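Everything below concerns the one structure shown next.
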Protein chains: 2
Amino acid sequence: MRKGIKDVARLAGVSVGTVSHVLNHPELVTPETAQRVRDAMDELGYVRNEPARQLALRGRSELIAMIIPAITDVFFLDVVDGAQQAALLAGAELMVASSEHDLEREQRQLQTLEQRRVRGVLLSPAVDASLDGVRALQRRGTPLTLIGPAFGRRGFCSVSIDERSGGRQVGEHLAAAGHRRVAYAGTPLAVHHVRERFEGLVEAVPEAQVTAVDVAGWQPGGGLPALAELLAAPAARRPTAVFCANDLIALEALAECAARGLSVPGDVAVVGYDDMPFTRSAAVSLTTVAQPQEEMGRRSVELLLREDADGATHRHRSVLLQPQLVVRGSSAAQRRRAG
Amino acid sequence: MRKGIKDVARLAGVSVGTVSHVLNHPELVTPETAQRVRDAMDELGYVRNEPARQLALRGRSELIAMIIPAITDVFFLDVVDGAQQAALLAGAELMVASSEHDLEREQRQLQTLEQRRVRGVLLSPAVDASLDGVRALQRRGTPLTLIGPAFGRRGFCSVSIDERSGGRQVGEHLAAAGHRRVAYAGTPLAVHHVRERFEGLVEAVPEAQVTAVDVAGWQPGGGLPALAELLAAPAARRPTAVFCANDLIALEALAECAARGLSVPGDVAVVGYDDMPFTRSAAVSLTTVAQPQEEMGRRSVELLLREDADGATHRHRSVLLQPQLVVRGSSAAQRRRAG
DNA sequence: CCGATCGATTGAAACGCTTCATAACGATCC
DNA sequence: GGATCGTTATGAAGCGTTTCAATCGATCGG
């Protein structure tokens with residue numbers, strides 16, 4: 001049914017070798033012959049058979065695959081975007097799959113990618129994934145770089161973000177504005193990046209009293225009762241700043257303040273994390289921390305391609321990216337009453 | 001370097017045919033032999049060569065590809081998610097690529113997908129794409145279904161959303177609440193879905209005066225001067241409701257109201273579109289229109305697989321999905337002063 | 001005018017797999 | 001005991017491509 005190189009050869013009156021040459025080494029073929037072959041291709045609607053090609057070349061495809069834990073996680077949008085740009089520059093294609101935080105799916109996807117002989121894999125592992133399978137794959141010759149926290153991940157290239165620095169930047173900003181009582185609203189500290197940010201914060205405000213507010217179980221629109229309670233305290237004990245583990249929580253913190261008649265940033269400063277698009281559009285524009293997602297994607301592709309190029313002489317690298325505090329209205333610097 | 005089926009055969013002391021059988025037709029092989037072969041595979045770290053397999057089977061892969069116009073467009077997150085679920089159910093893999101609104105990239109991606117002999121393609125075309133290339137691809141035997149507006153796209157299966165109905169639902173909601181002056185804030189009406197929503201709105205509020213506010217050039221945090229001007233009018237001429245073409249604009253409209261001391265929904269009702277996560281967390285929770293993205297993805301995969309199964313007898317189908325008004329605080333029903 | 005040289009083209013081998021017709025081998029039956 | 005059968009294993013053919021050694025003409029220097 002489908003036309004192959006042979007049909008083209010017959011129609012053009014040349015051998016299959018020649019047809020292949022016009023595809024891969026046009027300089028070896030007379031322009032006229034080449035044209036005749038191309039005409040034949042058009043006429044037949046010839047489409048190269050990539051699997052066959054790959055087989056003959058006993059090689060890798062130009063496909064880079066990226067596995068992320070959840071396709072609906074907006075954090076990865078720009079990571080993918082950056083990776084895509086870098087891949088394009090290198091003449092490779094990028095495709096994305098999602099493990100949905102399921103270790104088994106992750107393994108299966110890695111397996112089919114290896115079977116497809118992809119050029120390399122960018123992996124942001126499902127949370128508590130054991131990396132044994134990944135190591136094996138790598139040993140068998142598929143380059144792989146890790147995206148996300150690098151701890152305990154020797155033997156791989158990896159790109160991660162300095163979460164602690166993000167917390168520290170927020171802390172320094174708040175300390176400079178004279179805050180002495182700050183609340184940290186986040187999901188359980190057991191989650192790696194949530195804790196790192198917290199510790200960065202604490203580190204940077206040694207003279208302040210920091211209260212961790214666990215919002216486990218929170219979901220958008222659900223309110224923040226634990227935080228509300230804190231804000232209900234008399235002014236002298238009430239936190240003067242709230243640092244939230246992400247922007248959505250921060251937006252809701254804003255609402256809690258408004259509901260209590262507390263002005264932001266007058267009475268309470270609010271800081272988010274992630275710099276999502278809506279942070280600029282909120283009633284009080286949100287101070288937040290921008291993450292270098294796009295760069296994360298870009299660098300990970302670069303590491304991957306380098307690993308591929310280096311071959312046996314390769315030495316793994318870990319890249320640590322810096323987040324960036326973005327000061328906006330919700331924490332605007334101002335004179336504070338003594339607190 | 002890499003081990004093949006032959007190496008496995010040699011090590012297990014069987015023929016290549018047998019090895020292949022344990023992979024594809026285990027029932028034809030004695031359990032003991034099968035075990036021996038599997039042990040050999042493990043020992044050698046054998047990984048199936050998918051391209052070779054595909055070639056031998058002269059067939060399609062189990063890979064479904066989806067091309068979206070922009071990887072950073074949050075709208076598609078749940079579309080991809082739904083598609084992924086459906087694909088998984090059907091035993092296929094889904095991979096995503098993005099054309100970045102570039103017709104040329106889209107074409108190139110379609111081409112490499114065809115060369116890879118994917119099982120089918122879900123395409124959300126770059127805006128003003130001509131579909132000729134796509135038609136050719138389809139004629140050559142790659143099933144393809146379209147995601148997005150169906151107009152002028154005969155000859156394909158497609159899944160789209162009834163944008164007009166979304167506008168109508170908002171209109172009916174506002175009309176029922178007694179609004180007589182409503183503003184529509186959106187990017188140029190030339191954009192298909194923006195216009196459709198507008199027309200739905202107008203259709204549903206025949207007795208009201210509707211003002212279209214063009215926010216072309218707007219970006220998050222930029223403010224909405226055109227809308228602000230409207231809101232600055234004396235109460236008797238000021239719109240009592242603002243319908244925004246997306247939630248981000250609506251959030252900003254909320255801020256404009258607050259800045260002018262207008263209460264929402266008391267003085268002005270605000271309605272958004274898309275039902276993004278933050279709509280529940282805003283100071284005034286946002287009335288908006290939820291889009292059936294996840295279903296969109298699911299249905300498109302179903303159509304694709306059906307087309308693949310039907311073969312020549314296939315008749316194209318168009319599915320039109322209904323969006324769903326979600327009423328929240330920013331337009332809460334209430335007694336209105338005569339307006 | 002002949003051998004050498006060069007450029008264009010050819011055809012076959014190889015890539016790793018699946019499958020199919022065939023063989024090998026017991027067990028079963030008359 | 002020989003024919004027949006069923007089960008299991010075999011090896012060669014074929015999938016569509018690329019590449020490489022070989023071929024074929026034509027051109028060139030002497």
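Reminder, nothing fancy here: chain letters follow the sequence lines and each chain counts from 1. Keep in mind that what you see is a predicted model, and the values were worked out from it rather than measured.
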- [ ] State, to the nearest 10°, the angle formed by the axis through the first five base pairs of the helix from C:dC1-D:dG30 to C:dC30-D:dG1 and the axis through its last five.
- [x] 50°
Open item on the list: Whole angstroms only, please: what is the CG-P distance between A:Leu28 and C:dT9?
Closed with: 9 Å
- [ ] Taking atom types as modelled, find out whether B:Thr145 and B:Ser300 have a side-chain donor-acceptor pair closer than 3.5 angstrom.
- [x] no
Open item on the list: So does B:Gly4 get a backbone contact from the side chain of B:Asp7, meaning a donor-acceptor N/O pair under 3.5 Å?
Closed with: yes
Task: Separation of A:Ser98 OG from B:Met95 CE (nearest 0.5 Å) - done: 10.5 Å
- [ ] Rounded to the nearest angstrom, tell me the gap between atom CZ in B:Arg10 and atom C1' in D:dT10.
- [x] 16 Å
TODO: Scan residues 17-24 of chain B against DNA chain D and write down, sorted by residue number, each residue with any heavy atom closer than 4.0 Å; if none is found, say none.
DONE: B:Gly17, B:Thr18, B:His21
Task: DNA chain D contacts made by residues 41-58 of chain A, counting heavy atoms under 4.0 Å - done: A:Tyr46, A:Arg48, A:Asn49, A:Ala52, A:Arg53, A:Ala56, A:Leu57
Task: Between D:dT8 (C1') and B:Glu32 (CD): distance, integer Å - done: 11 Å
Open item on the list: Can you work out whether B:Gly13 or A:Ile5 has the more 5'-proximal nearest nucleotide on DNA chain D?
Closed with: B:Gly13
Open item on the list: Main chain of B:Leu77, side chain of B:Glu294: is a donor-acceptor contact present, judged purely on distance under 3.5 Å?
Closed with: no
Open item on the list: Donor-acceptor check, side chain of B:Thr30 to backbone of B:Glu32, threshold 3.5 angstrom: yes or no?
Closed with: no
Open item on the list: Measure NE2/A:His25 against P/D:dT17 and give the value in whole Å, please.
Closed with: 15 Å
Task: B:Asp7 CG - C:dC15 C1' separation (whole Å) - done: 13 Å
Task: OP1 or OP2 of D:dA9 under 4.0 Å from side-chain N/O of B:Thr30 - done: yes
Open item on the list: One thing to verify: whether B:Glu50 and A:Arg117 come together as a salt bridge, which I'm taking to mean a side-chain N less than 4.0 angstrom from a carboxylate O.
Closed with: no
- [ ] For the pair B:Arg105 and A:Glu93, find out whether any cationic side-chain nitrogen is under 4.0 Å from an anionic carboxylate oxygen.
- [x] no
Open item on the list: Quick check for you: to the nearest 0.5 Å, what is the distance between B:Glu302 atom CD and B:Leu89 atom CG?
Closed with: 8.5 Å
Open item on the list: Using 0.5 Å steps for rounding, measure from the CG atom of A:Leu113 to the CZ atom of A:Arg108.
Closed with: 12.0 Å
Task: Rounded interatomic separation in angstrom, taking CD from A:Gln115 and P from C:dT18 - done: 10 Å
Open item on the list: Quick one about A:Gln291 and A:Asp274 (side-chain donor to acceptor, distance below 3.5 Å, no hydrogens or angles considered), yes or no?
Closed with: yes
- [ ] Check step by step if side chain to side chain contact (heavy atoms under 4.5 Å, CB included) holds for B:Ile68 and B:Asp73.
- [x] CA-CA 9 Å; B:Ile68 62 182; B:Asp73 186 339; over 6 Å; no
